[in-house]
S.K.: 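After the structure tokens below, expect a handful of questions from me.
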Amino acid sequence: MPKESTKSSKRKAVDKAEKAPKAKAKRDPKAPKRALSAYMFFSQDWRERIKAENPDAGFGEIGKLLGAKWKELDDSEKKPYIEQAARDKARAEQEKSEYDNKKADSAGSGDGGDEDDE
DNA sequence: TGAGTGATTGTTAAT
DNA sequence: ATTAACAATCACTCA
């Protein structure tokens with residue numbers, strides 16, 4: 001059985017389940033961005049289905065419908081999406097790698113080699 | 001070393 | 001461009 005060592009706490013954040021006051025835009029100028037989550041891939045595949053059966057459904061309907069279906073799916077059904085998420089995660093790792101690389105590089109040289117206009 | 005925190009992903013549609 | 005529920009996430013940071 002998989003050992004569940006530390007998973008006894010981080011719950012608090014999830015447990016809160018409070019209404020999102022508002023999503024933040026971003027903090028770092030070149031945020032390496034994270035990886036997409038299974039839900040992202042799931043939505044990409046389902047969004048068309050949801051709209052197909054709910055052409056009038058706006059965002060609220062789709063969002064709730066999507067989430068409802070997502071939970072309806074079996075772990076095996078989500079697996080493919082999770083795998084995609086895992087794949088993207090690896091991609092994100094590379095992104096971070098570059099970000100970390102640049103970061104370390106610019107840190108030493110005062111002036112940033114490449115400066116994006118922003 | 002462990003804990004948890006926040007930031008991020010994508011959809012649609014309106015503003 | 002931004003925001004909003006919907007869900008996952010999980011890499012980073014700190015003491």
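Letters A, B, ... mirror the listed sequences (proteins, then strands); counts begin at 1. Since we're looking at a predicted model, the values are computed, not measured.
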S.K.: Whole Å only: how far is the CG atom of D75(A) from the P atom of dA8(C)?
M.R.: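 Distance check: D75(A) CG to dA8(C) P gives 11 Å.
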
S.K.: At a heavy-atom distance below 4.0 Å, what parts of residues 41-61 of chain A sit against DNA chain C?
M.R.: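 When residues 41-61 of chain A is checked for heavy atoms under 4.0 Å from DNA chain C, the hits, listed by number, are F59(A).
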
S.K.: Which whole-number value in Å describes the distance from L66(A) CG to dA5(C) C1'?
M.R.: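 Rounded to whole Å, this separation is 11 Å.
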
S.K.: Does A85(A) or Y39(A) map to a spot on DNA chain C nearer the 5' end, using the closest nucleotide for each?
M.R.: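 Nearer the 5' end of the strand: Y39(A).
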
S.K.: Would you please confirm or rule out a distance under 4.0 Å between OP1 or OP2 of dA7(B) and any side-chain N or O of K33(A)?
M.R.: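 So the side-chain polar atoms of K33(A) never come under 4.0 Å of the phosphate oxygens OP1 or OP2 of dA7(B).
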
S.K.: Indicate the atoms forming the closest heavy-atom contact of K33(A) with E95(A), along with that distance.
M.R.: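 Minimum heavy-atom contact is O-OE1, 3.7 Å.
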
S.K.: Record whether the side chain of R34(A) comes under 3.5 Å of the base of dT9(B) through a donor-acceptor pair of N or O atoms.
M.R.: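 A donor-acceptor contact between them is absent.
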
S.K.: Would you call the rings of W46(A) and F42(A) parallel, tilted or perpendicular if under 30° counts as parallel and over 60° as perpendicular?
M.R.: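 Rings of W46(A) and F42(A): parallel, under 30°.
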
S.K.: Round to the nearest Å and state the distance from E93(A) atom CD to dT9(C) atom P.
M.R.: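 Roughly 15 Å, once rounded to whole Å.
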
S.K.: Between I50(A) and R47(A), is a side chain to side chain contact (heavy atoms under 4.5 Å, CB included) present by the stated rule, with each step listed?
M.R.: CA-CA 5 Å; I50(A) 297 292; R47(A) 86 189 165 187; 5.7 Å; no

S.K.: Rounded off to whole Å, could you give me the CD-to-C1' distance for the Q94(A) and dA11(C) pair?
M.R.: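 The distance from CD of Q94(A) to C1' of dA11(C) comes to 15 Å, rounded to the nearest Å.
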
S.K.: Between atom CZ in R91(A) and atom P in dA11(C), what is the gap in whole Å?
M.R.: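 My rounded result for the distance is 14 Å.
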
S.K.: Taking atom P of dT9(C) as reference, at what distance in whole Å does atom OH of Y81(A) sit?
M.R.: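 Spelled out: OH on Y81(A) to P on dT9(C) is 15 Å.
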
S.K.: OP1 or OP2 of dC10(C) versus the side-chain N and O atoms of K89(A): is any pair under 4.0 Å?
M.R.: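 Indeed not, no polar side-chain atom of K89(A) lies that close.
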
S.K.: Of the listed nucleotides (dA5(C), dG10(B), dT9(C)), which one gets closest to any side-chain atom of K64(A)?
M.R.: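 Among dA5(C), dG10(B), dT9(C), the one nearest the side chain of K64(A) is dA5(C).
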
S.K.: What is the distance from atom NZ of K64(A) to atom CZ of F59(A), rounded to the nearest 0.5 Å?
M.R.: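 If I round to the nearest 0.5 Å, the distance is 9.0 Å.
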
S.K.: Out of dA5(C), dG10(B), dT9(C), which has the shortest distance to the side chain of L36(A)?
M.R.: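 The answer is dG10(B), which lies nearest to the side chain.
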
S.K.: Rounded to the nearest 0.5 Å, what separates atom NZ in K71(A) from atom NZ in K78(A)?
M.R.: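 If we round to the nearest 0.5 Å, K71(A):NZ and K78(A):NZ are 9.5 Å apart.
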
S.K.: Nearest-Å distance, CG (D88(A)) to P (dA8(C))?
M.R.: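 From D88(A) CG to dA8(C) P: 17 Å.
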
S.K.: Nearest 0.5 Å please: distance from the CD1 atom of I62(A) over to the NZ atom of K51(A).
M.R.: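 The NZ atom of K51(A) is 6.0 Å from CD1 of I62(A), to the nearest 0.5 Å.
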
S.K.: To the nearest 10°, let me know how far the axis at one end of the helix from dT1(B)-dA15(C) to dT15(B)-dA1(C) is tilted from the axis at the other, five pairs an end.
M.R.: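 That helix gives 70° between its end axes.
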
S.K.: Give the rounded distance in Å between these two atoms: NZ of K96(A) and P of dA7(B).
M.R.: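 In whole Å, dA7(B) P lies 17 Å from K96(A) NZ.
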
S.K.: Starting from the 5' end of DNA chain C, give me the residue, A35(A) or G67(A), whose nearest nucleotide shows up first.
M.R.: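 By nearest-heavy-atom nucleotide position, the 5'-most residue is G67(A).
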
S.K.: Using distance only, find each side-chain donor-acceptor pair of residues 81-90 of chain A under 3.5 Å and give its atom names and separation, not counting sequence neighbours.
M.R.:
| from | atom 1 | to | atom 2 | distance (Å) |
| --- | --- | --- | --- | --- |
| Q84(A) | NE2 | P80(A) | O | 3.1 |
| D88(A) | OD1 | L36(A) | N | 2.9 |
| K89(A) | NZ | E93(A) | OE2 | 2.5 |

S.K.: Answer yes or no: is there an ion pair linking R49(A) with E53(A), defined by an N-O contact shorter than 4.0 Å?
M.R.: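 Between E53(A) and R49(A) there is no salt bridge, as every charged N stays at least 4.0 Å from the carboxylate O atoms.
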
S.K.: Side-chain heavy atoms under 4.5 angstrom apart, residues restricted to Ile, Leu, Val, Met, Phe, Trp, Tyr: same cluster for L66(A) and L73(A)?
M.R.: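 Yes.
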
